[in-house]
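Report on the following structure.
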There are 2 protein chains.
Amino acid sequence: MGRKQTKSGKIRLTEVAKLAGVSPITASRFFRNPEALSLSKRERVDSAVKELGYVPNLAARALASHRTEVIGVVIPSLTNNVFADVLRGIYDSSEGSRYTIQLANTRYSILQEEKLLRLFRAQKPAGLIVTGINQTAESRAILESMNCPVTQIMEIGDSPVDMMVGFSHYDAASAAISHILEQGRRRIGFLGARMDPRVQRRFEGYRDAMKAASLFDPNLIVTTSVPTTVTLGGTLFADLLAQTPDIDAVFCVNDDLALGVLFECQRRQISIPRDLAIVGFNDLEFTAAAVPSITSVRTNRYEMGRHAVTMVIDAIEGRRPQTPVLDLGFQLVVRESSTRQSTVMAGSVGID
Amino acid sequence: MGRKQTKSGKIRLTEVAKLAGVSPITASRFFRNPEALSLSKRERVDSAVKELGYVPNLAARALASHRTEVIGVVIPSLTNNVFADVLRGIYDSSEGSRYTIQLANTRYSILQEEKLLRLFRAQKPAGLIVTGINQTAESRAILESMNCPVTQIMEIGDSPVDMMVGFSHYDAASAAISHILEQGRRRIGFLGARMDPRVQRRFEGYRDAMKAASLFDPNLIVTTSVPTTVTLGGTLFADLLAQTPDIDAVFCVNDDLALGVLFECQRRQISIPRDLAIVGFNDLEFTAAAVPSITSVRTNRYEMGRHAVTMVIDAIEGRRPQTPVLDLGFQLVVRESSTRQSTVMAGSVGID
DNA sequence: CAATCCGATGGTAGCGCTGTCAATAATTGT
DNA sequence: ACAATTATTGACAGCGCTACCATCGGATTG
């Protein structure tokens, strides 16, 4: 466990090999494929590495091997809590592996996404994790030309580029609407901000569920392309009320909006859930603490991040999963804002 | 703007140089120090690069130059909104520069921090951004041996390792307490979770302000090492009430706790601000939307991230700032939860 | 006008590692 | 016991780029 690197000249693999009494290439194999070494050499190299405090030069490795140990991650937002959880999963499960995470932020711009993917391609990452399934044709072409495992996260669909981990936003929204309908509500408003593809899918789940019940009405819908905030939830709700005063429930595409609605109702003395049911999406922590607590759809974001990394690493190392598409499902968490009793109803969990 | 790299053999700097009719080393200089080239050569290399769609091989560059273009960022949490904002600033201002951000998460563990710093040292980053000023002696030694610009963020203090951007958590907490005292409140509770060094400093600001007013009382304090959640805010507040029923104000070390307190008060029919004043910290977006809106201390997190990157890059490129410590200050944003009128009072903004 | 300097350019020699393939040692079957 | 096979190991030759120094023409100076 020496501290020799501080001493003088840098320790190269050659030095390690010399001390261990093997050739440099054998020492190199010690890192890449230790099983290939005989036990005795393996031990000798191991102790030489420790004694000299050897640290591999990643640049030299990448140059010589034409490979990197970087997993690129492309997400649309750094501020959104949803991605914070996914990222935590990603970083947690990359730790301990040899791979390094390289993060890139598209800010919900598909052009930016194309640019970032092009950039990644130039760096030849070992694997890639991208958000969503709505890449442009150009982005998709880049991904397919990339020649490394790719996992699409956050949602699932047909025709993965390679692998997928996520859940059906459509089904999740449908389940939420079914629940509201079961509570006897009929005029269910829809509040949406920043209508990205996944939010769009939630809208479709809402729309079809409402149509199936013959309750669909365009006047129940208020959306905007503005980014989500709690304040915006209040504003959109005010717009909805002005447009359609007889609503008896609101489905919000995320919990921030739902919290904004809750506050706006407090301001207007609208009693929840007596006068209005509120259902959010994502099941952020505060939904359970709110007064009244807010019904929401729990999504397994941390696990999504973990699985995405595991799948990519497995694929890099030749252990491709049996099924390329992993459905992590969702759970409708029923709380006070939409009923009187608090329960959890399981959603579709399992393999697609 | 060709797409030749797709065609066949990879484009190396040699190819670019050949096409431009210069030596490889001149082409290399085109990227590193374009001013050193004559205008004519510069133009020729430029168009050759574009025609061939040349993309530099970063590994080769790093190997040959003994430098990387990586800025390491060490933060304690990926989930905390506070760091999400800082990170956004960091990524935003690294974009467009030649530098790449490499993120590492300590999960509030100083041992993990040491480990990560050691890892970074092995990679010889061009610069480093670390959170806080309470590194262990070992971590500090690593930082000092790193031989690259280092910026400490989130708070400021004496004896920076190199540079600092932040603000005084002590002063910010003091300002919050002064405000509460000015409202005529005397029994001001303190709620703290995950007492990291910055939260500790806020506590000291609270403690000294209370002592200065001869109002300090240990029974007013409830803290825990558990991570912050909204729910926890309610729990801690319940504990505080049980311990000291006559409180007339609560200072929470962050807005999540404050929101939890607000909800708990709604549950208990405690009227805000009539019966109790609430003040949070960070000025997250929801504080303005809450009912009643929550007084909080605004900190310039996004700007902190931006400045940190700018300072590091400037230092890497030899443009060291005049003063190594940058105080971004704070603003106490007074809202309904602690008074009746809503105003903003500026905190100490300026250079330390 | 020679001496000096400076800006622009190029040649040489690696940076530290791994791919490829050959060489050698150990193991097995009959 | 001997060929055939398999596990280990090593030699060699670069990966694509830049540091270092050398070069060269022209501008500056007394």
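Both backbone and side-chain heavy atoms feed into the values below; hydrogens, waters and symmetry mates do not. Sequence lines set the chain letters: A, B, ... in the order given, protein chains first and strands last, and positions in each chain run from 1.
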I'd like a table of atom pairs between the protein and nucleotides 19-25 of chain D - only N or O on both sides, under 3.5 Å - with the distance next to each one.
from   : atom 1 : to    : atom 2 : distance (Å)
D/dA19 : OP1    : B/R67 : NH2    : 2.9
D/dA19 : OP2    : B/R32 : NH1    : 2.3

key: Minimal non-hydrogen separation, B/E317 against B/Y99, with atom names   = OE2-OH, 3.2 Å
Interatomic distance, B/K124 NZ vs C/dC15 C1' [rounded to whole Å] = 12 Å
remark   = Nearest-nucleotide check on DNA chain D, A/A36 vs B/L13; residue mapping nearer the 5' end is A/A36
key: Gap between atoms CG and P, on B/L63 and C/dG14 respectively (whole Å)   = 14 Å
inquiry  = If I take atom CZ in residue A/F30 and atom C1' in nucleotide D/dT8, what distance separates them, rounded to the nearest angstrom?
reply    = 16 Å
message = In this structure, how many angstroms lie between the C1' atom of C/dC17 and the CD atom of A/E15, rounded?
response = 13 Å
Contact nearer the 5' end of DNA chain C, comparing B/V22 with A/F31 = B/V22
ask   = Does the side chain of B/T136 come under 3.5 Å of the side chain of B/R140 through a donor N or O and an acceptor N or O?
value = no
message = Parallel, tilted or perpendicular, judged at 30° and 60°: which one describes the rings of A/F83 and A/Y108?
response = perpendicular
request  = Compute whether any side-chain donor of one residue and acceptor of the other, for A/S23 and A/T26, lie under 3.5 angstrom apart.
outcome  = yes
request  = Specify the closest pair of heavy atoms between B/A17 and B/A27, including all atoms of both residues, with the distance to one decimal.
outcome  = CB-CB, 4.0 Å
ask   = Is there a side-chain polar atom (N or O) of A/S38 under 4.0 Å from OP1 or OP2 of D/dT9?
value = yes
message = Measure CG/B/N57 against P/D/dT18 and give the value in whole Å, please.
response = 9 Å
remark   = From CZ of A/R12 across to C1' of C/dG14 the rounded distance in Å is 11 Å
message = Pairing donors with acceptors under 3.5 angstrom, does anything connect the side chains of B/S145 and B/R121?
response = yes
request  = Look at the side-chain N and O atoms of B/T26 and state whether any lies under 4.0 Å from the OP1 or OP2 oxygen of C/dG10.
outcome  = yes
inquiry  = Using whole Å, what does the distance between atom P of nucleotide D/dT9 and atom NZ of A/K18 come to?
reply    = 19 Å
B/I71 and its side-chain contact (heavy atoms from CB on, under 4.5 Å) partner, picked from B/T151, B/I129, B/I90 = B/I129
ask   = Between A/E35 and A/P24, which has a closest nucleotide on DNA chain D that is more 5'?
value = A/E35
query = What's the CG-C1' distance between B/L39 and C/dG7, to the nearest Å?
reply = 15 Å
